[in-house]
Amino acid sequence: MKKIAVVFMILLMLLSLCSCSTYYFDYENLKETVQKIEIIDYDSFTREERLLTVIAESDRNQFLMELSQIEYHFFLGRPANYKRLCYKINLSR
């Protein structure tokens with residue numbers, strides 16, 4: 001029974017390591033293309049969003065620098081359903 005549990009745990013660890021993807025934001029690209037950053041209250045189930053505040057233009061570069069230093073890991077290659085506080089980044093095209 002212990003051997004089965006150990007094998008199961010090893011398989012579970014391998015599965016979680018293999019199906020995780022990593023994402024980074026590029027500061028230079030964001031600096032050139034971001035028009036507005038909003039903090040919203042969002043529910044992915046109902047797809048409703050409520051604007052809480054807009055990050056001031058004077059604080060935008062600092063926010064983008066900090067955002068580009070974060071390493072994001074997504075299980076199965078995509079983010080999970082998100083709910084509540086989110087950043088909505090509007091890009092120029």
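Worth saying up front: this structure is predicted, and the values here are computed from it rather than measured.
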Next item on the list: Look only at the side chain of S68 and the backbone of D26, and say whether a donor-acceptor pair between them is shorter than 3.5 Å.
Entry: no
Checklist line | Distance in Å, R50 CZ paired with I39 CD1, rounded so as to fall on 0.5 Å steps | finding: 12.5 Å
Next item on the list: Might you point out which heavy atoms bring Y87 and I37 nearest each other, and give the distance in Å?
Entry: CD2-CG2, 4.5 Å
Margin query: How long is the straight-line distance from CG of N61 back to NZ of K31, given to the nearest 0.5 Å?
Written below: 6.5 Å
Check: Between E71 and Y24, is any side-chain donor less than 3.5 angstrom from a side-chain acceptor?
Finding: yes
Check: Nearest 0.5 Å, what's the CD-CG distance between E38 and L52?
Finding: 10.0 Å
Notebook entry, point to check: Any idea which heavy atoms bring Q35 and S92 closest together, and the distance?
Noted result: NE2-CB, 3.5 Å
Check: Which heavy atom of E49 sits nearest a heavy atom of K88, and at what distance?
Finding: OE2-NZ, 2.8 Å
Item checked: Atom pair CG (L64) and CZ (F25), whose distance is rounded to the nearest 0.5 Å -> 9.5 Å
Note to self: Please report the interatomic distance CG(D43) to CD(E48), rounded to the nearest 0.5 Å.
What the structure shows: 7.0 Å
Checklist line | Flag, side chain of R47 to backbone of Y42, donor-acceptor distance under 3.5 Å | finding: no
Notebook entry, point to check: Roughly how far apart are L30 CG and L91 CG, rounded to 0.5 Å?
Noted result: 7.0 Å
Checklist line | Minimum heavy-atom distance Q62-E66, with the two atoms named | finding: NE2-OE2, 2.7 Å
Note to self: Could you check whether atom CD1 of I4 has more than 12 heavy atoms from other residues, nucleotides or ligands sitting under 6.0 Å from it?
What the structure shows: no
Note to self: With a 4.5 Å cut-off on side-chain heavy atoms, are L51 and D41 touching?
What the structure shows: no
